[in-house]
Amino acid sequence: MLTIARLSLFIALSVSAATPLIAQDAASSRDVIEEGRPDDFYCGERKLGQWFYCAKPRPKAEDTQSSPPQQSAVDRMSAITRELDELKARAILDPSEENVIAYVRFQREQLDRASTFSDTWQRALWQNPDLDYTLQRPVSTVGKRAWLDNRKADRDAVLTNLGQRYGLFYFFAQSCGACDLFSPILRSVADSHRMAVMAVSMDGGPSRDFPNYVVDAGQRARMGVPGNETPALILFDTMTKRTIPVGYGILSADEIMDRIFALTNTKVGSDY
């Protein structure tokens, strides 16, 4: 009986002593897992996969590194210009065959690039009529002739009725040689389109083409027309009481009519 009792006591002591060791090993295993290191038993021997008690794989180096910023087109163009200038200067200062060839080759590359751009530009205009300005202002001989004919017809129609709202002030001087040449031109335009012209003499002298003139007594200054240059042609809007200078010096008949038409019936920028 004593022997059995001693044996039971020995077994009990052995079990109680082993329990702390097992708990300690489990705690150590948890510490390893919590620290992010893979467990040899679960991740190594049993091969349960990388997500079962194992650390997550670290991202690759190329994933963490940000890609360098892309060079802008403006910077690329500036670099090409600097390279071209450098090769040209090098070829001039040291005109060896190697330097000259390097400059000519690089210049030819840029000329080819410009030719490609020009060709692409032209094709884009052909296929996108809203971008083609020549449809509004033709440049071909046939198209330009047709555009000018239509423009002249519109201009003449407008000028014929322009006298109902606008009048012309013509400032001249008897001593002005340019006025002797310009007066008959203006007289012809005014008569053909029935436009009223008020001739104002700046020096009191007469005009053969405008006998019903008046002498300037401050009218020019009150209208806001600067200087004393002659001949001077001013358009006057009877509705808004606004003065619109048409031009100074000698003008041809077409110039007079084109300017009056542009100033009264076209928007700024529409003809260009």
Not counting sequence neighbours, which residues clear side-chain hydrogen bond (donor to acceptor under 3.5 Å, both in side chains) with D149? List them please. R145
Look at the side chain of D75 and the backbone N and O of Q71, then say whether any donor-acceptor pair between them is shorter than 3.5 Å. no
With sequence neighbours left out, write down each residue that passes side chain to side chain contact (heavy atoms under 4.5 Å, CB included) with L181, or none if nothing qualifies. I250
For D112, what residues pass the side-chain hydrogen bond (donor to acceptor under 3.5 Å, both in side chains) criterion, not counting sequence neighbours? R108
Using the test side-chain hydrogen bond (donor to acceptor under 3.5 Å, both in side chains), find all partners of T160 that sit at least two apart in sequence or belong to another chain. none
Are I101 and I92 linked, directly or through intermediate hydrophobic residues, by side-chain heavy-atom contacts shorter than 4.5 Å (ILVMFWY only)? no
Just to verify, what does V158 make a side chain to side chain contact (heavy atoms under 4.5 Å, CB included) with, not counting sequence neighbours? L162, F261, N265
Got a sec, which hydrophobics cluster with M77, joining ILVMFWY side chains under 4.5 Å apart, including via others? none
Salt bridge (Lys or Arg N to Asp or Glu O under 4.0 Å) pairs touching residues 223-241, sequence neighbours excluded, are R165-D237, R220-E229
Are Y166 and M257 connected in the hydrophobic side-chain network, where two residues link if heavy atoms are under 4.5 Å apart? yes
State whether the side chain of E109 and the backbone N or O of Q107 hold a donor-acceptor pair below 3.5 Å, judged by distance alone. no
Which residue pairs pass the salt bridge (Lys or Arg N to Asp or Glu O under 4.0 Å) test with at least one member in residues 87-107, sequence neighbours excluded? E86-R90
Who passes salt bridge (Lys or Arg N to Asp or Glu O under 4.0 Å) against D254, sequence neighbours left out? R155
K152: side-chain hydrogen bond (donor to acceptor under 3.5 Å, both in side chains) partners, not counting sequence neighbours: D156
Exercise answer: donor-acceptor pairs, residues 200-211 side-chain atoms, under 3.5 Å, sequence neighbours excluded:
unit_1, atom_1, unit_2, atom_2, d
S201, OG, D203, OD1, 3.2
S201, OG, G204, N, 2.9
S201, OG, G205, N, 3.0
S201, OG, G205, O, 2.8
D203, OD1, Q174, N, 3.1
D203, OD1, G205, N, 3.0
D203, OD2, Q174, N, 3.1
D203, OD2, S175, N, 3.2
D203, OD2, S175, OG, 3.3
S207, OG, F210, N, 3.4

Tell me whether F182 is reachable from Y248 by hopping between hydrophobic residues (I, L, V, M, F, W, Y) whose side-chain heavy atoms are closer than 4.5 Å. no
Should N228 and D216 count as side-chain neighbours, where that means a heavy-atom distance under 4.5 Å? no
Side chains of V246 and I234: does their closest heavy-atom pair fall under 4.5 Å? no
Would you find a donor on one side and an acceptor on the other, under 3.5 Å apart, between the side chain of N99 and the backbone of P95? no
Check whether Q110 reaches the backbone of F106 with its side chain - one donor and one acceptor, N or O, closer than 3.5 Å. yes
Following the transitive rule for hydrophobic clusters with a side-chain heavy-atom cut-off under 4.5 Å over Ile, Leu, Val, Met, Phe, Trp and Tyr, establish whether I185 and I260 coincide in one cluster. yes
Main chain of A114, side chain of S118: is a donor-acceptor contact present, judged purely on distance under 3.5 Å? no
My understanding is that only residues two or more places apart in sequence, or in another chain, count here; which of them pass salt bridge (Lys or Arg N to Asp or Glu O under 4.0 Å) with D130? none
Does R259 form a side chain to side chain contact (heavy atoms under 4.5 Å, CB included) with L251? I'd like the steps, not just the answer. CA-CA 10 Å; R259 291 190 185 190; L251 301 174; 3.7 Å; yes
Hey, does the side chain of S183 reach the backbone of D180 with a donor-acceptor pair shorter than 3.5 angstrom? no
Determine, using ring centers only, whether Y213 and Y170 are less than 6.0 Å apart. no
For W121 and F117, take the angle between the two ring planes, folded into 0 to 90°, and tell me which bin it lands in: parallel under 30, tilted 30 to 60, perpendicular over 60. perpendicular
Are F169 and L263 linked, directly or through intermediate hydrophobic residues, by side-chain heavy-atom contacts shorter than 4.5 Å (ILVMFWY only)? no
What's the spacing between L233 CG and I244 CD1 if we round to 0.5 Å? 11.5 Å
Are any non-hydrogen side-chain atoms of I80 and R113 less than 4.5 angstrom apart? yes
